[in-house]
Amino acid sequence: NAGVTQTPKFQVLKTGQSMTLQCAQDMNHNSMYWYRQDPGMGLRLIYYSASEGTTDKGEVPNGYNVSRLNKREFSLRLESAAPSQTSVYFCASSGGTGGSGYEQYFGPGTRLTVT
Amino acid sequence: AQSVTQLDSQVPVFEEAPVELRCNYSSSVSVYLFWYVQYPNQGLQLLLKYLSGSTLVKGINGFEAEFNKSQTSFHLRKPSVHISDTAEYFCAVISFQKLVFGTGTRLLVSP
């Protein structure tokens, strides 16, 4: 049981390049999330998917797209990377019922640098 | 919308001393609150959560938090810290069915 996995762990891009961050969970969770973490700003939600086949914008969606490929996988795409997208990206998932359903499980993160 | 405020960006403390990390939330009729810990170069891990019931919540690694409705606070405490507790701690609240995080408090434990 791996929980939430993310690939790659590290990436360096040049401005204008594109890339896709991959995320998968094996906990049969319905909801999945993408966050970015920047110093002094905590975690900010980029996009989320409440269930397979649905995606919604979070707090900072500009410059990103997502795909909920199936129940397990949720990818984040940067079409044209900018230095402002240098950050650590975390994927998370949640499931279950009642209040515990809001508890999120996090992946190890992807450190992205855009030069 | 719900939000949380962590007033202390950094808290230095000596090993074996007690510590309190402060978190205040915006008021609401009902609230779900969480504390997460992030060790260096790792993802976030749940420490504890308040959903309902007892206002004193015990979590992993000897941490506990008290839900105080009148003061809209959910402060995290540990009676005696270890070097290994050095990490960043995030308070979070549910708002419109999504987690909203505070800006984090870095706990620095020195010998």
Side-chain angles (χ1 to χ4, degrees), chain A residues 2-7 9-10 21 23-25 27 29-51 54-61 87-112, chain B residues 1-11 21-25 28-55 57 59-60 65 67 74 87-106:
Chain A
V4 179
T5 57
Q6 293 182 236
T7 55
K9 285 188 168 51
F10 301 93
L21 282 65
C23 173
Q25 52 92 8
M27 296 173 283
H29 284 165
N30 285 321
S31 301
M32 297 185 73
Y33 312 82
W34 277 106
Y35 294 91
R36 61 177 289 171
Q37 183 180 25
D38 302 292
M41 303 191 74
L43 274 78
R44 292 181 292 167
L45 184 64
I46 304 171
Y47 271 94
Y48 68 101
S49 170
S51 62
T54 68
T55 60
D56 286 289
K57 295 178 180 179
E59 183 184 352
V60 289
S87 188
V88 182
Y89 292 85
F90 288 100
C91 178
S93 70
S94 67
T97 58
S100 289
Y102 295 117
E103 178 181 336
Q104 292 186 16
Y105 294 80
F106 284 80
T110 295
R111 292 184 177 275
L112 175 66
Chain B
Q2 283 274 22
S3 64
V4 290
T5 301
Q6 295 181 249
L7 291 172
D8 305 306
S9 60
Q10 192 164 288
V11 173
L21 306 184
R22 298 182 293 167
C23 174
N24 288 90
Y25 64 93
S28 177
V29 175
S30 64
V31 61
Y32 297 147
L33 291 157
F34 302 79
W35 274 101
Y36 280 84
V37 60
Q38 184 182 29
Y39 298 106
N41 299 314
Q42 294 186 28
L44 278 72
Q45 177 184 358
L46 182 71
L47 265 181
L48 49 80
K49 60 191 175 192
Y50 172 78
L51 303 179
S52 64
S54 173
T55 57
V57 180
I60 62 172
F67 173 67
F74 189 56
E88 189 146 22
Y89 293 80
F90 292 94
C91 183
V93 67
I94 294 296
S95 180
F96 298 111
Q97 300 186 327
K98 297 187 291 294
L99 270 181
V100 175
F101 289 88
T103 51
T105 298
R106 188 170 299 277

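Values below: all heavy atoms of this structure, side chains included; hydrogens, waters and symmetry mates excluded. Every chain is numbered from 1, with letters handed out A, B, ... down the list of sequences.
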Non-hydrogen atoms of chain B under 4.5 Å away: do they reach the side chain of [X], the backbone, both or neither?
{"X": "Q37(A)", "result": "side chain"}
{"X": "R111(A)", "result": "side chain"}
{"X": "L43(A)", "result": "both"}

**Interchain contact, L99(B) with chain A, by part (heavy-atom threshold 4.5 Å)** = both

**Prompt:** Checking heavy atoms, do the side chain of L44(B), its backbone, both or neither come under 4.5 Å from chain A?
**Reply:**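 For L44(B), heavy atoms of backbone and side chain both lie under 4.5 Å from chain A.
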
**Asked** Between Q42(B), R106(B), K98(B), which residue shows the highest count of heavy-atom pairs closer than 4.5 Å to chain A?
**Response** K98(B)

**Prompt:** Of all heavy-atom pairs between A87(B) and Q38(B), which one has the smallest distance, and what is that distance?
**Reply:** CB-O, 3.4 Å

**Prompt:** Do S9(B) and T103(B) touch side chain to side chain, with heavy atoms closer than 4.5 Å?
**Reply:** no

**Asked** Would a 4.5 Å heavy-atom cut-off, applied to side chains only, mark V31(B) and F74(B) as touching?
**Response**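 Side-chain contact under 4.5 Å: no.
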
**Request:** Return yes if some donor-acceptor pair links the side-chain N/O of Q2(B) with the main-chain N/O of V100(B) below 3.5 Å, else return no.
**Result:** no

**Message:** Out of the candidates W35(B), F34(B), Y36(B), only one should pair with L48(B) under the side-chain contact (heavy atoms from CB on, under 4.5 Å) rule; please name it.
**Reply:** W35(B)

